[in-house]
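A short worksheet on the structure shown next.
A, B, ... follow the sequence lines: proteins, then strands. Residue 1 opens every chain.
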Amino acid sequence: GEDVEQSLFLSVREGDSSVINCTYTDSSSTYLYWYKQEPGAGLQLLTYIFSNMDMKQDQRLTVLLNKKDKHLSLRIADTQTGDSAIYFCAEKPISGGYNKLIFGAGTRLAVHP
Amino acid sequence: DTGVSQDPRHKITKRGQNVTFRCDPISEHNRLYWYRQTLGQGPEFLTYFQNEAQLEKSRLLSDRFSAERPKGSFSTLEIQRTEQGDSAMYLCASSPRVRDRDYNEQFFGPGTRLTVL
């Protein structure tokens, strides 16, 4: 079945690293995504990883993929107050014809001084 | 900024009324998607178009919902006889054809927040 799970809340101190975790169920998913949503706004595509990779780095963002455990994580280095937002993990499974994205419920990241 | 645009950004309506939302995708993106997001949840897929053809509809899309993309550019989503349960953020996304297959990236608009009283 299609299901993406994330922890609901994460609080970090400014300057520390944040790690947001996600588990998904469909091993056929070709791509896995991280989106950011600020209050009242749409979703901003942060990064995505192809399923045959185990790591992708993009500036302060590092994505780790454990395909065996169907576990995806997003690490944000040197977290800033502007990183406060909801972060959504999404998969793109074959059951959706590789067209639609299946999203988790989102992890709310709070960055405090 | 030539991102995905949606209009209106907010809509308040009374139960039973019809509403229509518009989405303008990024230029030359030939795939366009509609998602619905309720409070505290991630977006849920509703439907998508490739050019003017509507290729898939979710079971979430009841017969009160209709979407069109007549010229393969902008799209409209209409909800007839709105119900309180239709209150949500309606998000549009578009996707470019990067290779022969796979539209890897979906870029989202700011959404239309619908409140049904």
Provide the closest heavy-atom pair for A/Leu101 versus B/Tyr35 in the form atom of the first, atom of the second, distance.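 Shortest heavy-atom contact: N-OH, 3.1 Å.
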Return yes when atom [atom1] of [X] has more than 12 non-hydrogen atoms of other residues, nucleotides or ligands closer than 6.0 Å, and no otherwise.
X	atom1	result
A/Lys56	NZ	yes
B/Glu78	CD	yes
A/Arg60	CZ	yes
B/Leu39	CG	no
B/Leu60	CG	yes

Criterion side-chain contact (heavy atoms from CB on, under 4.5 Å) on B/Glu105 and A/Tyr48, from CA distance to verdict: CA-CA 8 Å; B/Glu105 301 165 321; A/Tyr48 63 98; 3.4 Å; yes
Quick one: what part of [X] sits under 4.5 Å from any heavy atom of chain B, side chain, backbone, both or neither?
X	value
A/Ile86	neither
A/Gln6	neither
A/Leu43	both

Are any of the side-chain heavy atoms of A/Tyr35 and B/Gln106 separated by less than 4.5 Å?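 Side-chain contact under 4.5 Å: yes.
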May I ask you to test the B/Glu56-A/Asn99 pair for a side-chain heavy-atom distance under 4.5 Å?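 In contact.
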State plainly whether one hydrophobic cluster holds both [X] and [Y], where clusters connect Ile, Leu, Val, Met, Phe, Trp and Tyr through side-chain heavy atoms under 4.5 angstrom apart.
X	Y	answer
A/Phe50	A/Leu32	yes
A/Ile76	A/Leu45	yes
A/Tyr33	A/Val19	no

At a heavy-atom separation under 4.5 Å, does B/Gln37 approach chain A through its side chain, its backbone, both, or neither?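 Just its side chain gets close to chain A.
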B/Arg113 versus chain A, heavy atoms under 4.5 Å apart: side chain, backbone, both or neither?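 For B/Arg113, there is no contact with chain A at all, as no heavy atom is under 4.5 Å.
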Which value, rounded to the nearest 0.5 Å, describes the distance between A/Lys100 atom NZ and B/Tyr48 atom OH?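 If I round to the nearest 0.5 Å, the distance is 11.0 Å.
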Measuring centre to centre across the rings, with the benzene-like ring taken for any Trp, is B/Phe45 within less than 6.0 Å of A/Phe103?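 Between B/Phe45 and A/Phe103, the centre distance exceeds or equals 6.0 Å.
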Between B/Pro43, B/Ser58, B/Gly109, which residue shows the highest count of heavy-atom pairs closer than 4.5 Å to chain A?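 When all of B/Pro43, B/Ser58, B/Gly109 are compared, B/Pro43 has the most.
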